[in-house]
Protein chains: 2
Amino acid sequence: MSEQKQSLMNLLETGATYYLSHISLDCVVFGFHENQLKVLLLKMKDRDKWGLPGGFVRKEESVELAANRVLKERTGLDNIFLQQFHVFSDPDRSNNKDLIESARKTGIEVTEDNWFAQRFISIGFYALVEFSQVKPTADAISDDCTWWDLQEIKSLMLDHNLILNKALETLRLHLNYQPIGYTLLPDKFTMPELQKLYETILGKKLDRRNFQRKITGYGILKRWEERRSGVAHKAPYFYSFDTEKYKQALQEGLDGGW
Amino acid sequence: MSEQKQSLMNLLETGATYYLSHISLDCVVFGFHENQLKVLLLKMKDRDKWGLPGGFVRKEESVELAANRVLKERTGLDNIFLQQFHVFSDPDRSNNKDLIESARKTGIEVTEDNWFAQRFISIGFYALVEFSQVKPTADAISDDCTWWDLQEIKSLMLDHNLILNKALETLRLHLNYQPIGYTLLPDKFTMPELQKLYETILGKKLDRRNFQRKITGYGILKRWEERRSGVAHKAPYFYSFDTEKYKQALQEGLDGGW
DNA sequence: GCAAAAGTGTTGAAAGTACACCCATGG
DNA sequence: CCATGGGTGTACTTTCAACACTTTTGC
């Protein structure tokens with residue numbers, strides 16, 4: 001028996017023992033690569049549906065710890081930047097029909113009264129990670145785990161489109177209150193890259209010059225002498241966040257409507 | 001047997017039948033009266049502790065419906081403005097020792113394995129109500145229900161201080177994106193009253209004249225010919241919200257940092 | 001040398017801030 | 001008649017928004 005199948009059977013049999021009933025969590029993991037905002041998705045086993053990485057809450061852990069544990073499994077990273085943003089609790093949102101069907105397709109029997117078949121209320125988290133550091137890893141009910149361009153994401157399983165949209169909406173609202181640039185970009189980045197990130201999150205174009213003035217005005221960036229070379233135009237400078245000043249500035253919020 | 005005691009015994013015995021396990025909700029109900037921001041609190045039976053109104057989620061309802069149901073019982077009002085804002089899930093936040101102790105004091109035996117004694121994850125809601133319309137009503141585990149001035153609230157049961165603080169913090173962030181004035185004030189109110197509300201939520205003084213200009217600038221207020229009389233100074237005009245324009249304005253957010 | 005994209009600067013409009021002045025009312 | 005607090009106005013400053021011009025680089 002494959003390791004994955006074993007782990008799925010484990011979940012179905014022992015879920016009720018280790019996890020709180022009725023409570024699940026789903027994570028919208030954002031990354032930024034090649035000037036695109038990306039989201040980490042899992043492909044359901046033997047089906048053409050994709051969904052958000054999720055999991056359950058162990059009887060002795062907080063939901064934050066649970067989300068951290070789940071994301072460590074899916075990305076290889078520990079202590080990811082995580083924010084819970086909404087609870088999804090429509091009674092019809094899921095009786096896990098989809099998951100059970102997936103399980104059956106791998107040849108596992110799931111009875112109606114299985115722990116897995118109950119109603120779940122899901123706590124939505126969004127996570128911000130540095131794209132290059134993630135090693136996407138599928139879980140017991142999926143057979144693929146990869147990054148998707150935000151624009152290319154179509155119909156997801158269950159209410160995951162709803163969850164994704166709400167995450168995006170929240171991300172926009174949090175843009176000036178959370179270390180969003182800091183956690184999504186690599187240590188060194190250029191101004192155009194940072195601007196593209198903001199534009200993608202906000203869903204609108206920003207003026208190059210005004211953006212630069214405003215963002216540097218916060219005093220949270222450090223410019224390097226070094227530039228990005230190899231481009232067919234003037235080489236842009238590298239920047240890094242001054243983490244100390246960034247954190248300080250976030251206390252009050254980087255106000256101003258973009 | 002009192003009606004309340006009966007209802008408490010019912011809860012303990014049949015909780016597991018009607019409610020989802022491990023999930024509770026707590027509501028921070030804000031009202032505004034005599035230029036003070038108030039919060040609705042319950043006094044625990046036979047103890048000197050106060051706490052937030054809370055409840056559980058029925059097996060067939062969403063958490064929003066559950067909160068609405070709970071608040072209907074505590075305030076007499078239906079369809080209150082409600083926003084979930086955070087999930088509180090520290091494993092040690094509550095094994096309901098407090099509640100069980102309260103129950104015991106009313107002469108009801110609660111065993112260790114009772115549904116009530118399990119670990120609960122609580123979903124925090126804040127609610128905004130028009131003070132004068134509320135009829136505070138205690139529940140099965142409390143013997144009093146009244147409004148408290150925000151400033152006078154001291155130590156609450158369990159992690160309810162934490163919940164309250166987080167609610168306030170969220171309220172501040174939402175000030176320009178939610179119909180906060182509209183739901184907290186009576187139909188007619190004066191400019192100084194509205195200003196005091198903003199000041200209380202934000203926790204700082206605002207300039208009287210600039211406040212007036214800014215808030216009227218949004219075009220969401222309607223001024224009446226009528227004034228508030230009986231005060232030992234110039235009588236202020238009454239205002240009302242133009243609900244249509246208010247909702248419209250909220251779509252984009254009433255931006256600007258106060 | 002030319003297209004593409006970066007760095008820097010200017011300017012007028014809008015918004016925010018800090019005030020001063022007058023007015024109505026009850027005691 | 002005066003203390004209290006409301007209504008309105010103005011002048012200064014800061015920020016925002018829309019621009020133009022120059023510089024660097026690969027082809």
Side-chain angles (χ1 to χ4, degrees), chain A residues 34-36 172 175-176 181 185-186 188-200 202-240 249 252-258, chain B residues 32 34-36 172 175-177 181 185-186 188-200 202-240 249 252-258:
Chain A
E34 290 177 346
N35 276 343
Q36 291 284 344
R172 252 169 229 151
L175 194 54
N176 292 322
L185 292 170
K188 286 184 184 180
F189 52 88
T190 65
M191 192 56 70
E193 283 162 2
L194 181 61
Q195 183 180 342
K196 193 75 210 310
L197 172 60
Y198 271 69
E199 288 181 338
T200 316
L202 294 169
K204 63 177 177 189
K205 286 251 172 289
L206 301 171
D207 183 273
R208 187 169 58 87
R209 297 149 285 192
N210 294 335
F211 176 82
Q212 172 134 349
R213 186 151 2 95
K214 184 158 180 175
I215 204 93
T216 52
Y218 290 136
I220 56 173
L221 294 179
K222 193 178 82 180
R223 189 166 88 173
W224 299 79
E225 288 301 319
E226 200 184 347
R227 292 149 174 264
R228 163 149 298 157
S229 58
V231 282
H233 54 77
K234 188 167 180 176
Y237 286 103
F238 278 116
Y239 286 85
S240 294
E252 297 140 36
L254 306 169
D255 63 17
W258 291 96
Chain B
F32 194 66
E34 291 178 345
N35 277 343
Q36 290 285 345
R172 253 168 229 151
L175 194 55
N176 292 322
Y177 301 94
L185 291 170
K188 288 183 183 180
F189 52 88
T190 65
M191 191 56 69
E193 282 162 2
L194 181 60
Q195 183 181 341
K196 193 75 208 312
L197 172 60
Y198 271 69
E199 288 182 337
T200 316
L202 294 169
K204 64 177 175 189
K205 286 251 171 292
L206 301 171
D207 183 274
R208 188 168 60 87
R209 296 147 287 191
N210 296 334
F211 177 82
Q212 172 133 348
R213 184 147 14 91
K214 184 157 180 175
I215 203 94
T216 51
Y218 290 137
I220 56 174
L221 292 179
K222 194 178 83 180
R223 187 166 91 172
W224 300 78
E225 289 301 320
E226 201 184 346
R227 292 150 174 262
R228 165 157 345 251
S229 57
V231 281
H233 52 78
K234 188 168 179 177
Y237 286 103
F238 278 116
Y239 287 84
S240 293
E252 299 140 36
L254 307 169
D255 62 15
W258 292 98

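Within every chain, numbering begins at 1; the chains are lettered A, B, ... in the order of the sequence lines, protein sequences first and strands thereafter.
One interatomic measurement links the two molecules: CG of B:L206 to C1' of C:dC19, which rounds to 16 Å at whole-angstrom precision. When the C1' atom of D:dG6 is taken as reference, atom CZ of B:F238 falls 14 Å away, rounded to whole Å. Distance A:F211 CZ to D:dC16 P: 13 Å, rounded to the nearest Å. Atom pair A:K234:NZ and D:dC27:P shows a separation of 19 Å (rounding to whole Å applied).
The phosphate of D:dC16 (OP1 or OP2) has a side-chain N or O of A:K214 nearer than 4.0 angstrom.
Note that the CD atom of A:E199 and the CG atom of A:L197 stand 10.0 Å from one another [nearest 0.5 Å].
In this view, A:R227 and A:K234, A:A235, A:Y237 satisfy the side-chain contact (heavy atoms from CB on, under 4.5 Å) rule, not counting sequence neighbours. Residues satisfying the side-chain contact (heavy atoms from CB on, under 4.5 Å) test with B:R172, not counting sequence neighbours, are B:L168, B:I201, B:L202. Shown here are the side chain to side chain donor-acceptor pair (under 3.5 Å) partners of B:R228, two or more places apart in sequence or in another chain: B:E193. Taking the side chain to side chain donor-acceptor pair (under 3.5 Å) definition, one finds that B:R209 meets it with B:D207, sequence neighbours left out. Legend: residues meeting side chain to side chain donor-acceptor pair (under 3.5 Å) with B:Q36, ordered by chain and number and at least two apart, are absent. Under the salt bridge (charged side-chain N to carboxylate O under 4.0 Å, His left out) criterion, B:E226 pairs with B:K188, sequence neighbours left out. In terms of the side-chain contact (heavy atoms from CB on, under 4.5 Å) criterion, residue partners of A:K222 (sequence neighbours excluded) are, by chain and number, A:W224.
Proximity of residues 224-233 of chain A to DNA chain C (heavy atom under 4.0 angstrom from any strand atom) is restricted to A:A232, A:H233.
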Contact list (N/O, under 3.5 angstrom) for nucleotides 8-11 of chain C vs protein:
from: C:dT10; atom 1: O4; to: A:R213; atom 2: NH2; distance (Å): 3.3

